[in-house]
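All residue numbers in this chain count up from 1 along the given sequence. Everything numeric in this text was worked out from a predicted model, so none of it was measured.
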Amino acid sequence: MKELTEKKVFPPPADFQQKARIKSNDVYEEGKDYKKFWEARANEMIDWYEKWDKVLEVDEPYYKWFVNGKLNASYNCLDRWIESGKGNKLAYIWEGENGEVRKFTYKQLYEEVNKFANALKSMGVKKGDIISIYLPMIPELPIAMLAAARIGAPHSVVFAGFSAEALRSRVEDAGSKYLITCDGYYRRGKILNHKEKSDEGIEGLDLKKVIVVKRAGNDVPMKEGRDVWWDDVIEGKSTKCEPAVMDAEDLLFLMYTSGTTGKPKGVMHTTAGYMVGTATTMKWVFDVKDDDVYWCTADIGWITGHSYIVYGPLANNVTSIIYEGAPDYPSKDRWWEIIEKYKVTILYTAPTAIRLAMKWGEEWPNKHDLSSLRLLGTVGEPINPEAWLWYYNVIGKKHCPIVDTWWMTETGMHIITPLPGVTKLKPGSATFPFPGIKAEVRDEHGICKTGEKGDLVITTPWPAMLRGLYNAHDKYIEEYWSKYGFGKFFTGDGAIVDEDGYFWLLGRLGDVLNVAGHRLGTAEVESALVSHESVAEAAVVGIPDEIKGQVPFAYVVLRQDAKPSDELKKELIKHVSKVIGPTARPSDILFVEDLPKTRSGKIMRRILKKLAEGSKDVGDITTLRNPEIVEEIKNSLQR
Ligand code: PRX
């Protein structure tokens with residue numbers, strides 16, 4: 001516990017507090033009656049066609065918020081700002097990796113969204129059809145999401161860095177008949193041929209239309225009758241498309257994420273609760289004001305981008321930056337240059353990026369004027385106090401509070417987070433549950449004592465909570481509600497509460513890794529490995545990494561006819577990258593004769609993890625069927 005707690009506490013700077021939207025602890029008091037609290041937020045943050053009959057309806061483990069309320073997410077992000085005279089404000093400033101800039105006012109974004117919504121309709125898309133979107137960080141990505149939301153077609157965005165096979169499994173699971181993709185895009189100066197990857201992913205699937213954005217201008221094949229260019233389908237379309245009146249509980253989107261099995265699961269988010277939750281946290285946690293320029297560096301393909309680049313900021317009439325490329329292209333000060341150029345006031349990024357910037361050295365940020373910054377945020381993984389302090393001192397110049405926001409794909413919105421005008425910060429702690437939310441740290445015996453490690457559990461329903469897993473009811477119960485029962489949402493994260501009630505997040509427990517802020521199931525990597533013809537069996541564990549937080553380490557048992565070699569190792573690493581995507585690449589592979597197993601045949605990953613971490617004491621091995629293998633593996637690791 002001692003090593004977790006930095007002695008120094010950082011209260012909000014006086015001038016920040018003075019101007020902050022939320023200045024006092026009263027909001028936590030108000031949050032104690034959570035239904036009333038969220039009802040007030042629903043009234044103040046969202047425009048409704050019809051108000052709800054009931055704030056919350058519980059049919060465990062399913063929850064409905066703002067029952068029978070009617071609204072449209074795209075209307076709340078666009079139309080209402082134009083109607084209230086705020087349409088000329090910039091919604092997005094997009095910067096391409098090559099330095100191109102495209103700016104969209106709310107009015108312009110509205111027009112693009114409406115045109116594309118009409119295009120979707122003209123292609124036969126109906127309310128309820130799930131549209132898969134496989135686009136990099138270009139403006140057409142949020143435009144496509146909002147257009148889908150406008151006509152009531154839920155979207156399922158697949159991160160562009162994911163492999164063809166990852167795309168395929170998601171398109172198949174969602175049953176999408178429409179895919180939006182692009183020709184190519186830039187990464188560190190090179191054009192990545194995205195269309196080729198998309199085509200490989202959907203080969204043999206029965207898609208009605210594939211809409212292709214022209215981004216890089218590379219030559220790509222277009223399949224007759226199926227593939228159409230984005231520019232052609234919006235040509236001549238009206239800039240007006242009536243938003244569909246959606247029920248509060250209509251599906252807004254699916255977001256696939258890693259769980260404990262080899263197959264990613266489709267987390268379901270519905271319209272009203274998600275909008276209320278993201279709009280409120282955006283406003284309170286980021287303290288957004290009219291003149292802010294906000295930049296979240298996440299990819300829109302992850303939940304962070306959905307909630308805090310698209311829906312949260314737009315529902316607050318905020319101006320956001322979207323950057324297409326890599327942080328070190330053409331040089332390691334690209335991010336800091338962008339902050340200076342656009343006078344960014346709020347920066348939201350991941351600890352892994354901060355650690356990388358730290359490694360590159362402060363000369364890069366110091367070349368630029370970062371004085372516009374007034375608030376910093378982090379998300380995605382625990383931030384070590386050293387990185388926190390560097391972020392605070394070098395980037396924030398000691399005058400910007402840091403909001404370390406803990407949440408996950410399933411929560412849709414921030415759950416444990418400071419309020420920057422209120423909370424006294426402790427570096428490395430995400431501090432307290434957001435008003436209206438209760439959380440505890442417990443184990444099978446009950447709530448853990450102060451300073452004791454346990455499972456983080458959320459004990460009140462919250463509006464942006466997932467509504468289930470797509471076509472996977474049993475899995476939904478098993479993953480979140482079986483460990484502690486209904487009413488106690490099992491997050492899968494370890495945590496500690498300290499003597500002042502601060503929450504310290506300790507990362508994922510069990511079979512899910514967090515690689516540079518990206519969630520990855522060990523089972524996914526294992527199933528990718530065993531899909532290779534040379535592999536008989538594989539076990540994957542996470543090991544600590546200075547920059548990425550964690551990386552996968554793989555133990556592989558080869559088939560009889562395969563021989564261990566460096567070439568095979570490289571081939572297997574490449575294979576995993578192809579099956580899942582580059583983030584899943586094992587940092588190393590150890591070929592072994594066997595894996596430590598219990599008598600019932602269960603692989604003891606706990607032992608493998610300790611071995612990979614170089615720990616001398618691997619704990620109890622008496623329950624193993626093959627205890628001798630532990631010594632053998634230890635020896636091979638030392639070699
Ligand atoms: O382990 C937690 C970690 O990220 C996981 C959720 O991953 P994902 O669903 O991909 O969403 C990431 C962006 C919200 C959590 O289970 N995590 C997220 N934020 C933090 C964090 N761990 C510690 N501190 C955080 N602030």
Side-chain angles (χ1 to χ4, degrees), residues 12 17 20-48 50-71 73 76 248-249 252 269-289 307-308 311-313 315-316 377 403-408 410-424 430-440 456-467 486-489 491 497 501-503:
Q17 187 168 35
R21 283 188 177 278
I22 308 294
K23 299 184 185 29
S24 98
N25 274 316
D26 296 353
V27 286
Y28 290 101
E29 211 38 55
E30 192 192 340
K32 282 188 177 156
D33 185 344
Y34 71 89
K35 284 192 224 165
K36 216 166 136 197
F37 174 84
W38 287 116
E39 180 161 43
R41 304 293 82 76
N43 272 314
E44 102 202 350
M45 296 304 303
I46 295 299
D47 283 12
W48 303 81
E50 274 173 51
K51 292 272 172 89
W52 48 93
D53 303 329
K54 211 171 161 191
V55 177
L56 175 66
E57 197 173 281
V58 182
D59 179 12
E60 274 165 342
Y62 290 99
Y63 298 80
K64 288 182 178 164
W65 281 86
F66 312 112
V67 180
N68 292 329
K70 304 277 184 272
L71 75 166
N76 274 280
E249 285 298 331
L252 179 62
H269 281 292
T270 58
T271 309
Y274 178 79
M275 289 305 292
V276 172
T278 52
T280 306
T281 45
M282 181 77 209
K283 185 166 174 176
W284 290 23
V285 174
F286 295 124
D287 186 51
V288 285
K289 313 269 175 50
S307 299
Y308 299 109
Y311 292 106
N316 278 282
V403 285
D404 172 358
T405 60
W406 180 93
W407 57 296
M408 51 200 293
E410 291 83 344
T411 71
M413 61 184 248
H414 301 148
I415 294 291
I416 299 183
T417 174
L419 293 176
V422 175
T423 314
K424 295 190 177 81
T431 74
F432 307 109
F434 190 79
I437 291 172
K438 282 206 193 93
E440 61 193 32
L456 177 71
V457 169
I458 309 172
T459 58
T460 39
W462 65 102
M465 67 196 296
L466 82 165
R467 299 301 199 267
F486 293 160
K488 290 193 181 342
F489 179 86
T491 63
V497 176
Y502 282 66
F503 284 71

Q. Taking all atoms of both residues into account, what is the closest heavy-atom pair of Asn76 and Met275, and its distance?
A. CB-CE, 4.2 Å
Q: Apply side-chain contact (heavy atoms from CB on, under 4.5 Å) to the pair Phe503 and Leu456, showing each step before the final yes or no.
A: CA-CA 9 Å; Phe503 284 71; Leu456 177 71; 3.8 Å; yes
Q: Can you see which heavy atom on Trp48 is nearest to which on Ala272, and at what distance?
A: CH2-CB, 3.6 Å
(Q) Less than 4.5 Å apart, side chain to side chain, heavy atoms only: is that true for Lys64 and Lys54? (A) no
Q: Going by the side chain to side chain contact (heavy atoms under 4.5 Å, CB included) test, name the single residue among Leu419, Thr417, Thr423, Val422 that passes it with Phe432.
A: Thr423
Q. Taking atom OG1 of Thr431 and atom OH of Tyr502, what is their separation to the nearest 0.5 Å?
A. 7.0 Å
Q: State, with a plain yes or no, whether a side-chain heavy atom of Phe66 is found less than 4.5 Å away from one of Val55.
A: yes
Q. Got a donor-acceptor contact below 3.5 angstrom from the Thr405 side chain to the His414 backbone?
A. no
Q) Short question: side chain of Tyr308, backbone of Thr281 - any donor-acceptor pair under 3.5 Å? A) no
Q | Centroid-centroid under 6.0 Å between Phe489 and Trp462 rings | A | yes
Q. What's the spacing between Lys438 NZ and Lys32 NZ if we round to 0.5 Å?
A. 8.5 Å
Q: Return the set of residues passing side-chain hydrogen bond (donor to acceptor under 3.5 Å, both in side chains) with Glu50 (not counting sequence neighbours), or none when no residue passes.
A: none
Q: Considering non-hydrogen atoms only, spot the tightest contact between Ala73 and Leu252 and give its length.
A: CB-CD1, 3.9 Å
Q: Output every pair passing salt bridge (charged side-chain N to carboxylate O under 4.0 Å, His left out) with a member in residues 270-288, not counting sequence neighbours, ordered by first then second residue.
A: Asp287-Lys289, Asp287-Arg374
**Q.** Heavy-atom side-chain contact between Ile437 and Met413 under 4.5 Å
**A.** yes
(Q) With a 4.5 Å cut-off on side-chain heavy atoms, are Tyr28 and Pro433 touching? (A) no
Q: Provide the closest heavy-atom pair for Gly277 versus Ala464 in the form atom of the first, atom of the second, distance.
A: CA-CB, 4.4 Å
Q) Distance-only, no hydrogens or angles: does the Asn316 side chain make a donor-acceptor pair with backbone N or O of Ala279 under 3.5 Å? A) yes
Q.
Run the side-chain hydrogen bond (donor to acceptor under 3.5 Å, both in side chains) test against Trp407 and tell me which residues pass, sequence neighbours left out.
A. Tyr348
(Q) Within the structure provided, determine whether Phe286 and Pro313 are in side-chain contact (heavy-atom separation under 4.5 Å). (A) no
**Q.** Tyr63 side, atom OH; Thr270 side, atom OG1 - distance, nearest 0.5 Å
**A.** 14.0 Å
Q: Can you measure from OG1 (Thr271) to OH (Tyr311) and round to the nearest 0.5 angstrom?
A: 8.5 Å
(Q) Could you report the tightest heavy-atom contact between Gly412 and Ser307, atom names first, then the distance? (A) O-OG, 2.7 Å
Q: Output the distance between atom CH2 (Trp406) and atom CD1 (Ile415), rounded to the nearest 0.5 Å.
A: 6.5 Å
For residues 37-46, tabulate all N or O donor-acceptor pairs below 3.5 Å that involve a side-chain atom, not counting sequence neighbours.
unit_1 : atom_1 : unit_2 : atom_2 : d
Glu39  : OE2    : Trp52  : NE1    : 2.7
Arg41  : NE     : Glu44  : OE2    : 2.9
Arg41  : NH1    : Glu30  : OE2    : 3.2
Arg41  : NH1    : Phe37  : O      : 3.4
Arg41  : NH2    : Glu30  : OE2    : 3.4
Arg41  : NH2    : Glu44  : OE1    : 3.4
Asn43  : OD1    : Lys51  : NZ     : 2.7
Asn43  : ND2    : Glu39  : O      : 3.4

(Q) I need the Thr459 OG1 to Glu440 CD distance, nearest 0.5 Å. (A) 5.0 Å
**Q.** Non-neighbouring partners of Thr278 that pass side-chain hydrogen bond (donor to acceptor under 3.5 Å, both in side chains), sequence neighbours left out
**A.** none
Q) Partners of Trp284 by side-chain hydrogen bond (donor to acceptor under 3.5 Å, both in side chains), sequence neighbours excluded? A) none
Q | Closest contact, heavy atoms only, Ala248 versus Leu71 | A | CA-CD2, 3.9 Å
